[in-house]
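Report on the following structure.
Below, chain A is the first sequence line, B the second, and so on; all start at residue 1. Computed from heavy atoms alone, side chains included, the values below leave out hydrogens, waters and symmetry copies.
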Amino acid sequence: MNTLHLYNTLSNKIEPFEPITPKHVGIYVCGPTVYGPPHLGHVRGPIVFDVLRKYLILQGNKVRYVRNITDVGHLVGDADEGEDKLAKQAKVEQLEPMEVAQAYTDSYNWVMDKINVLKPSIEPRATGHIIEQIEMIQTIIDKGLAYEVNGSVYFDVMAYSEQQHYGQLSGRVLEDLQAGAGNQSRSLEGQDEKRSANDFALWKRASAEHIMQWSSPWGKGFPGWHIECSAMSARYLGDHFDIHGGGMDLLFPHHECEIAQSTAAHNHAPAKYWVHHNMITINGQKMAKSLGNGIMVEQLFKGDHPLLAQAFGPMTLRFFVLQAHYRGTLDFSNDALLAAQKGWQRMQTAFKLLNNLPTVHEGATIEADDLLAAVVSSLNDDLNTPQVIASLFELARRINLVNDGKATMTEATKATMKSLVVDYCQGVLGLVSEDAGAGDGLADAMDIIMALRGQAKADKNWGLSDQIRDALKAKGFEIKDGKDGTTWNKL
RNA sequence: GGUCGGAUGGCCGAGUGGCUAGGCACGGGUCUGCAAAACCCUUUACAGCGGUUCGAAUCCGCUUCCGACCUCCA
């Protein structure tokens, strides 16, 4: 494909991507609800949309990327009387709600940095946009598509569906949504206040002991759990922007409600393209608290989890995520992670050779134009990163051939290869080498040890050289004797 | 129950009406004090049963199994 195409959930088709305003792209991605430490599920979306964003930038677009922090509003599911998730966690920990939100926002962003996800252009918080949400709710009420009951405001789905198509995004039909949902034990507070079971809260009245609450035209309360994204996306990207992203689990009801709210308020749909990534599984099973198989990102980095035999670095995680297409489920397991880690190491090793490779003026036996074309084409085809990675492995193979003197290339080919490594591997895919020991003096210290061991080897003092090697290995440093000297890396 | 997705070689995971995905593991080789690493090579698998077709893993139907969503979720 010659231009970027994306799968649009709105049409269930792959469509050519054309910005509303040429060379300017607005992206809104649903960020985390910050009431717990980041787990593996939190990582996929940011990586996928980071690749999309970086690719759009490489193509010369100016991108405004908005990813929110939800620090209020989501109701607790299990018969908790509509308590705010954050407030609940706060009581448990005896902290201020904002303290909880801050701590988990920080740990989320720490993970984002580790996995080389670019910071959002704007990272708005739901609590910082209460006024915008109230204004939007008022607009919807004024249009007769929402109603107030006892200090709560509900969106009137039936009234809305008389003018607009409710269910367009998720493919749901209103009649099918009536009753009969699988989880019959689900009885939410305020259900009897609604005119229809499909109506959803825009604003909820807060009880006195509810910690997070704000004044509104309808009394003290807090926003419903869809309105924040509608209000914040409109504020920072306008009421009609290019791409709205998120996980498939948000498709219904969250995104469907967003469309309904925004359409009700602005008379047209908010986003042109809706892009959804699929979920992750652990050893083939859904990751869920109830199954006890949730893996926190920090546990992965430390290897501190029963399902993990070792630690895996941030780049291995990123590489692993990108080795699968974003619309398919992705299965985590120790073996799969291990395979990704080894593959990524091999790729890095080859790419590091590139700068020092010799070139020829004529009689070159390999080129790289075909790989560049393949990479671009794969990205254009709905961000097919697995195919991009396959092409990069072929690049690694060719680099190794030249390095081994089994093939030759021109300076122009070398330049193309550099572009593949710098612009696409490091740039778009965001896969950068983790240089162990950079800047903390470790490298210098290791150089000294390597020199001493080199002397022992020169003296054929194998006992000492092996002892050094084994001792370092025990501390997590791997020693490799190559033909051009000894190298090391941190495992 | 309703709606929507999947089932690919030992593992992960692309693709798709006829042409090698790729990675990891396994195996063979090069290199090497040993080891590890690195590098090269490693010859087709698509749930089952029907159907359409010159030809299907790829399209259609049925069956079995798995999963997601149905107002907690990335």
Side-chain angles (χ1 to χ4, degrees), chain A residues 12 29-33 35-36 38-46 48 74-78 80 85 167 170-173 175-184 186 188 191 197-201 224-226 245-254 256-257 276-281 284-289 319-320 323-325 327-347 349-350 353 378 381 384-394 396-397 400-401 403-404 406 457 460 462 465-466 469-470 473 478-483 487 489:
Chain A
N12 286 321
V29 176
C30 289
T33 302
Y35 67 104
H39 60 252
L40 291 180
H42 286 295
V43 130
R44 193 175 194 188
V48 167
H74 290 200
L75 301 176
V76 174
D78 5 288
D80 267 304
K85 235 184 218 172
S170 56
R172 266 158 234 265
V173 181
E175 290 72 57
D176 295 340
L177 289 171
Q178 315 287 354
N183 194 345
Q184 62 277 58
R186 205 170 252 158
L188 289 170
Q191 224 34 20
N198 293 313
D199 293 354
F200 53 90
W225 70 284
H226 310 300
M248 279 184 183
D249 53 337
L250 297 179
L251 216 147
F252 189 92
H254 187 56
E256 196 71 75
C257 293
H276 291 96
H277 66 263
N278 215 139
M279 304 292 102
I280 66 154
T281 55
Q285 266 193 316
K286 180 195 178 180
M287 191 174 90
K289 277 185 185 145
F319 181 89
F320 179 68
Q323 235 184 344
H325 185 83
R327 281 195 286 117
T329 53
L330 172 61
D331 190 43
F332 271 76
S333 67
N334 193 260
D335 287 351
L337 249 358
L338 198 59
Q341 183 187 49
K342 291 194 175 178
W344 167 232
Q345 273 176 1
R346 189 163 85 75
M347 189 182 282
T349 304
L353 298 169
S378 297
D381 185 11
N384 196 325
T385 54
Q387 288 189 341
V388 172
I389 288 175
S391 294
L392 291 176
F393 272 115
E394 171 60 19
R397 202 191 121 250
N400 287 328
L401 284 175
N403 187 241
D404 291 351
K406 293 173 182 168
K457 285 182 58 169
K460 298 198 187 297
W462 311 125
S465 70
D466 289 355
R469 183 172 66 198
D470 295 344
K473 176 139 196 185
E478 186 178 47
I479 305 305
K480 295 180 236 176
D481 293 326
K483 49 182 174 287
T487 58
N489 66 289

Please tell me which of the listed nucleotides, [options], lies nearest to the side chain of [X]?
{"X": "A/Ala390", "options": "B/A21, B/C72, B/C69", "value": "B/A21"}
{"X": "A/Lys406", "options": "B/C39, B/C70, B/A74", "value": "B/C39"}
{"X": "A/Asp249", "options": "B/A35, B/C73, B/C70", "value": "B/C73"}
{"X": "A/Lys342", "options": "B/G22, B/A25, B/C34", "value": "B/A25"}

Item to check | 5' priority, RNA chain B, between A/Thr349 and A/Pro253 [closest heavy atom] | outcome: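 Its nearest nucleotide being more 5', the pick is A/Thr349.
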
Checklist entry - Do A/Arg346 and B/A38 share a donor-acceptor pair, side chain to base, under 3.5 Å? => result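 There is none.
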
Checklist entry - Less than 3.5 Å between a donor and an acceptor, one on the side chain of A/Arg397 and one on the base of B/C41, is that the case here? => result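 When only heavy-atom distances are counted, A/Arg397 does not reach the base of B/C41 through any donor-acceptor pair under 3.5 Å.
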
Atom pair distance, as rounded to whole Å: [atom1] in [X] and [atom2] in [N]:
{"X": "A/His276", "N": "B/G67", "atom1": "NE2", "atom2": "C1'", "answer": "18 Å"}
{"X": "A/His39", "N": "B/C72", "atom1": "NE2", "atom2": "P", "answer": "16 Å"}
{"X": "A/Leu251", "N": "B/U3", "atom1": "CG", "atom2": "P", "answer": "17 Å"}
{"X": "A/Met279", "N": "B/A68", "atom1": "CE", "atom2": "P", "answer": "10 Å"}
{"X": "A/Met248", "N": "B/C70", "atom1": "CE", "atom2": "C1'", "answer": "16 Å"}
{"X": "A/Asn278", "N": "B/G6", "atom1": "CG", "atom2": "P", "answer": "10 Å"}
{"X": "A/Tyr35", "N": "B/C73", "atom1": "OH", "atom2": "P", "answer": "7 Å"}
{"X": "A/Phe252", "N": "B/G2", "atom1": "CZ", "atom2": "C1'", "answer": "12 Å"}

Search all heavy atoms of [X] against all heavy atoms of [Y] and return the closest pair with its distance.
{"X": "A/Asp331", "Y": "A/Phe320", "value": "O-CZ, 3.2 Å"}
{"X": "A/Gly41", "Y": "A/Ile280", "value": "N-CD1, 3.8 Å"}
{"X": "A/Asn400", "Y": "A/Ala350", "value": "OD1-CB, 3.7 Å"}
{"X": "A/Met248", "Y": "A/Met279", "value": "N-CE, 3.4 Å"}
{"X": "A/Gly247", "Y": "A/His276", "value": "O-CD2, 3.4 Å"}
{"X": "A/Glu256", "Y": "A/Gly171", "value": "OE1-N, 4.5 Å"}

Which part of the nucleic acid, if any, lies within contact of [X], taking any heavy atom under 4.0 Å across all strands shown: a base, the sugar-phosphate backbone alone, or nothing?
{"X": "A/Leu337", "value": "nothing"}
{"X": "A/Ser465", "value": "base"}
{"X": "A/Gly41", "value": "base"}

Suppose you measure atom [atom1] in [N] against the same atom in [M]; what distance do you get, rounded to whole Å?
{"N": "B/G28", "M": "B/A37", "atom1": "P", "result": "15 Å"}
{"N": "B/A45", "M": "B/C40", "atom1": "C1'", "result": "25 Å"}
{"N": "B/A47", "M": "B/G9", "atom1": "C1'", "result": "14 Å"}
{"N": "B/A14", "M": "B/A7", "atom1": "P", "result": "9 Å"}
{"N": "B/U42", "M": "B/G22", "atom1": "C1'", "result": "15 Å"}
{"N": "B/G23", "M": "B/G13", "atom1": "C1'", "result": "8 Å"}
{"N": "B/U20", "M": "B/U44", "atom1": "P", "result": "9 Å"}
{"N": "B/G61", "M": "B/G67", "atom1": "P", "result": "24 Å"}

Item to check | Heavy-atom side-chain contact between A/Arg346 and A/Thr349 under 4.5 Å | outcome: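 With C-beta onward as the side chain, the pair stays apart.
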
Next on the checklist: Evaluate A/Leu330 against A/Gln323 for side chain to side chain contact (heavy atoms under 4.5 Å, CB included), listing each step before the verdict.
Outcome noted: CA-CA 9 Å; A/Leu330 172 61; A/Gln323 235 184 344; over 6 Å; no

Checklist outcome for this item: Quick tally for nucleotides 9-15 of chain B: nucleotides whose base has a protein heavy atom under 4.0 Å get B, sugar-phosphate-only ones S, the rest -, giving ---SSSS

Which nucleotide, if any, forms a Watson-Crick or G-U wobble pair with [N], using both distances under 3.5 Å?
{"N": "B/C54", "result": "B/G18"}
{"N": "B/C65", "result": "B/G6"}
{"N": "B/U30", "result": "B/A38"}
{"N": "B/G1", "result": "B/C70"}
{"N": "B/C11", "result": "B/G23"}

Item to check | Under-4.0 Å side-chain N/O to phosphate OP1/OP2 contact, A/Thr33 with B/C72 | outcome: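 Answer no for this pair, as no side-chain N or O of A/Thr33 is under 4.0 Å from OP1 or OP2.
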
Checklist entry - OP1 or OP2 of B/C40 less than 4.0 angstrom from a side-chain nitrogen or oxygen of A/Asn400, does that happen here? => result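 Affirmative; the distance criterion is met.
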
Checklist entry - Under 3.5 Å, is there a donor-acceptor pair between the side chain of A/Gln387 and the main chain of A/Ser378? => result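 No; judged by distance alone, with no hydrogens or angles, the pair does not exist.
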
Next on the checklist: Could you measure the distance from the SG atom of A/Cys257 to the CG atom of A/Leu250? Nearest 0.5 Å is fine.
Outcome noted: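 So the gap between those two atoms works out to 11.5 Å.
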
Checklist entry - With centres under 5.5 Å and planes under 30°, do A/Phe393 and B/G23 count as stacked? => result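 No.
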
